[in-house]
Amino acid sequence: DTGVSQDPRHKITKRGQNVTFRCDPISEHNRLYWYRQTLGQGPEFLTYFQNEAQLEKSRLLSDRFSAERPKGSFSTLEIQRTEQGDSAMYLCASSPQGHYEQYFGPGTRLTVT
Amino acid sequence: DAKTTQPTSMDCAEGRAANLPCNHSTISGNEYVYWYRQIHSQGPQYIIHGLKNNETNEMASLIITEDRKSSTLILPHATLRDTAVYYCIVVFSGGYQKVTFGTGTKLQVIP
């Protein structure tokens, strides 16, 4: 299967710890997106990469959040000093050049205790 | 804020057509209508998109009104596996612009 993959699928951490999530987009998709989703809500945009350049960040992405996409391939999303309010599903999506449909991964469910 | 309005929930009998409406009265000429669905605990899945013509693929049909202010996603023969939250969003075609998902329509297919 060559879909978008995310790792880990589930993460439980204590408040104050740092966590890092990884997303591997579909091969040759140059656009990559991160979203956060809480129960009963639609996905909320966090950030967008075109190749290795981070072109847009939501105001939801506080200074505790950082995302990278070195070499324009996989991406990582790091949350420092986690808070209980960070508990959510973190979704990654990718899309190919010239297209706007996004292909989502299965998500990483974060629980902060 | 989301640029679309959808009913919160709908039911559909298994085997019947499911017609999911979406209002996007402020859509501009260079914005497409996209539909996604999200089955419980999975990532959203792209279904179909259109600009002004009706579109059909193996999953669904998309009917867009002539004034483009509303659209309907049609699942011709709903199955239990179509139970999901369906999101209608508008996407700018002139370059990247962040998309906003609303809360979607929870479709329950009933046996």
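The chains referred to below are lettered A, B, ... by the order of the sequence lines, with proteins before strands, and numbering in each begins at 1.
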(message) Run the side chain to side chain contact (heavy atoms under 4.5 Å, CB included) test on Phe45(A) and Phe101(B) for me, step by step, so that the C-alpha distance in whole Å, both residues' side-chain angles and the decisive distance to 0.1 Å come before the verdict.
(response) CA-CA 8 Å; Phe45(A) 170 80; Phe101(B) 287 80; over 6 Å; no
(request) Taking side-chain hydrogen bond (donor to acceptor under 3.5 Å, both in side chains) as the test, write out the residues that go with Gln6(A), two or more places apart. (result) none
(message) Taking side-chain hydrogen bond (donor to acceptor under 3.5 Å, both in side chains) as the definition, give me every residue that meets it alongside Arg15(A), ordered by chain and number, with sequence neighbours left out.
(response) none
Kindly check if the number of other-residue, nucleotide or ligand heavy atoms within 6.0 Å of [atom1] ([X]) is above 12?
{"X": "Lys11(A)", "atom1": "NZ", "value": "no"}
{"X": "Gln80(A)", "atom1": "CD", "value": "yes"}
{"X": "Leu39(A)", "atom1": "CG", "value": "no"}
{"X": "Ile110(B)", "atom1": "CD1", "value": "yes"}

(request) With a 4.5 Å cut-off on heavy-atom pairs, point out which of Met89(A), Glu44(A), Gln37(A), Gln41(A) contacts chain B the most. (result) Gln37(A)
(request) Specify which of Gly105(A), Gly42(A), Pro43(A) makes the most heavy-atom pairs with chain B at under 4.5 Å. (result) Pro43(A)
(request) Spell out the residues in residues 14-23 of chain B that have some non-hydrogen atom less than 4.5 Å away from a non-hydrogen atom of chain A, in order of number; otherwise answer 'none'. (result) none
(message) Taking 4.5 Å as the heavy-atom cut-off, does anything in residues 46-75 of chain B contact chain A, and if so which residues?
(response) Tyr46(B), His49(B)
(message) Just to verify, which of Tyr36(B), Tyr32(B), Trp35(B) counts as forming a side chain to side chain contact (heavy atoms under 4.5 Å, CB included) with Glu101(A)?
(response) Tyr36(B)
Could you see if [X] belongs to whatever hydrophobic cluster contains [Y]? Use Ile, Leu, Val, Met, Phe, Trp, Tyr and a side-chain cutoff under 4.5 Å.
{"X": "Val112(A)", "Y": "Leu77(A)", "result": "yes"}
{"X": "Leu91(A)", "Y": "Val4(A)", "result": "yes"}
{"X": "Ile39(B)", "Y": "Met10(B)", "result": "no"}
{"X": "Ile26(A)", "Y": "Tyr48(A)", "result": "yes"}
{"X": "Ile27(B)", "Y": "Ile89(B)", "result": "no"}

(message) I'd like to know whether the aromatic ring centres of Tyr100(A) and Phe92(B) sit less than 6.0 Å apart in this structure.
(response) no
(message) Let me confirm one number: the CD-CZ distance from Gln38(B) to Phe104(A), rounded to the nearest 0.5 Å.
(response) 8.0 Å
